[in-house]
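Shown next, in structure tokens, is the structure this report addresses.
Residue numbers start from 1 in every chain, and the chains themselves are labelled A, B, ... in the order their sequence lines are given, proteins ahead of strands. Atom set for the values below is all heavy atoms of this structure, side chains included, hydrogens, waters and symmetry mates excluded.
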Amino acid sequence: MHRRGRRSKAPNRDKPYNGQGASRLDSMHWADVIANTLLERGGKHLISTGITPSGYIHVGSLRESITANAVYKALKDKGADADFIYLVDSYDPLRKRYPFLPESFEKEVGKPICYIPCPDGCHDTYAEHFITPFLEAIGELGIRPRIIWTHKLYEEGKFTEIVDLVLRERSKVADILADVTGRKMPEGFWPFSAECPECGMFSDRIVSYDFPYVHFKCKCGYEGDADIRKGQGKMPWRVEWPAKWKLFSVTCEPFGKDHAAAGGSYDSGVRLCNEVYGMEPPHPVPYEFIQFKGKGQMHKSTGNVVTGTDALLITPPPVLAFSVLRYNPERHIDYDPGMGILDIVDEFDKVETFYFNGGADEKEKDLLRAYEIAQPSAVRNKLPLQVPYRHLVSVAQISDSFDGVVEVLKRSMSIPEISGEDMEVLRQRLECVRHWLNAFAPESVLFTVSPERPDVEMSDEERAYASELRKRLADTEWTGDRIHDAIYETAKTRGLQPKACFQALYRLFIDRRSGPRLGFFLSTLDKSFVLKRLDEA
RNA sequence: GGGCUCGUAGCUCAGCUAGGUAGAGCAAUCGGCUCUUAACCGAUGGGCCGAGGGUUCGAAUCCCUCCGAGCCCGCCA
């Protein structure tokens, strides 16, 4: 069905890239499928998503933004009238004192996070403290929705009509919730909690309603009125979520599978849309969570998580986006922050090559599209410089400075010159490699070139070998191959096992018994440094 | 009690919404001037497609059942 619609579009409208621009491929990438479904509904489109920034925000939430952004981009690519908003649920109460919070925050539990102070004193509020780095992170991914703060919506009275509606229809709302969740609704259920001016907590002990005032009693003993026009209270989650759909006319929303379960909040939202709000519910895009391999399930509440920011520290942004976009949203992702990350970058580079140079087969077209959508900004107009990521892992450990790394790369890969754009990519990737080496890399790939001769024992034989190798290398062209040859040649003439020679040299340079391919490795080092070290053997 | 996803080569997964002789990457093995070491190039090996049944001329692909793994909902968000 979507196919027909797609075929009717002007074929090969424009041809941005040499032969493989994926945007005009018959991509059936899931983002395009969703976009097509939305287009069949016609009209304007609003993608909405959001979060309650109650703690450190993990990569799973990054998936939500990446997913929403992909649909948004796909719509835009098809010329649709589309917009994308991100709702920061800043008016939600702090659920509990999370382990990462000081004890003093015990008294803040129950208050809206927009009125709780920043735990580190670096932001104006608790909510800002946690959402700011997250928004910066998605910004790096090129995701820039309109940011909307829920507490402001309440303060500005945007929800007034809807709150009035649900209060008047409260028995209907209660019936729907009871029906969907299968639970018995409490006696005096009101779809509203008032914010107590006395203690700052929310109270759901509502006594009566007479527009615009909700009369309530607080646990703290306070009794009074809350003005629904002035942000003096809020709807509960299951009611508020569809209220946002109503307020903004949301047509599509990605959400975690927790909301998607039968009887979950999407189900009740749909019923409320149909039976109370009188609108068509948004097209759902349920997505599965991302798990960091070997780290167990992540939970916002434990604080013991790999945050979205952390993920970006070790993963180049387009690569992270790509690694999410390549899978269907409902598929769970095991994100391997260990060696696996090297594979995913390699995969990304391979797809990148296909994108620009062609060679992808039919089945890989969706990957090309994923690559395209993953770009934080416009797709480059030709194949970017690709430095094998694994090579970068070695080089990063040889030189501390960026310039030094560039130097080594130029020498070991014979790259004539590097464009500004490529330099940026390189810089970004190098940063990621360094963070990865610090935090996630397995011990087996780590090494340090000792600036001074390491305190290792060398046998007479090994010393003699080093001495002869030094002589030979002095006249050797400084390339990996030649050095490699020299190492073997020397071993041969002295009747030694190459293995033993390798180990001796590794010990001498990095104080280990094994390491990166030796010839290439030494070629990345300064020649006089190498000769000097051999002298010191 | 209910829902979702997954179970295909050692690992990560394609292929399954157009049923027709099993794919990729990584790993492994072997080669690249008598040279094992984590760049690069090339080659090779490796899978009764979780199990059982059904539909079909034909099923990894569709249907049913079962087994196994993970997660979520039935508090709150």
*With a 4.0 Å cut-off on heavy atoms, is Gln503(A) in touch with a base, just the backbone sugar-phosphate, or nothing at all?*
base
*Does G42(B) have a Watson-Crick or wobble mate here (both distances under 3.5 Å), and if so which one?*
C30(B)
*Starting at OH of Tyr327(A) and ending at P of G15(B), how long is that distance when rounded to a whole Å?*
11 Å
*For the residue pair Phe192(A) and Phe159(A), is the inter-centroid distance of their aromatic rings smaller than 6.0 Å?*
no
*Taking CG from Leu367(A) and P from A24(B), how many angstroms apart are they, rounded to a whole number?*
15 Å
*N/O (side chain, Arg331(A)) to phosphate O (OP1/OP2, A14(B)) under 4.0 Å*: yes
_G58(B) pairs with, by Watson-Crick or G-U criteria that keep both distances under 3.5 Å_ = none
_With a 3.5 Å limit on both atom pairs, tell me what G47(B) is paired to, counting Watson-Crick and G-U wobble, or say none._
none
*Would you say Val345(A) and Leu392(A) make side-chain contact, with heavy atoms under 4.5 Å?*
no
*asked:* Using a 4.0 Å heavy-atom cut-off, does Ala262(A) contact any base of the nucleic acid, only the sugar-phosphate backbone, or nothing at all?
replied: sugar-phosphate
*Does the Thr150(A) side chain pair with the main chain of Val88(A), one donor and one acceptor, at a distance under 3.5 Å?*
yes
*Where the side chain of Trp237(A) is defined as all heavy atoms beyond and including C-beta, which of A77(B), C75(B), G7(B) is the nearest nucleotide?*
A77(B)
*Would you say Ser65(A) and Tyr86(A) make side-chain contact, with heavy atoms under 4.5 Å?*
yes
*asked:* Pick the closest RNA chain B nucleotide for Leu518(A) and for His332(A) by heavy atoms, then say which residue is nearer the 5' end.
replied: His332(A)
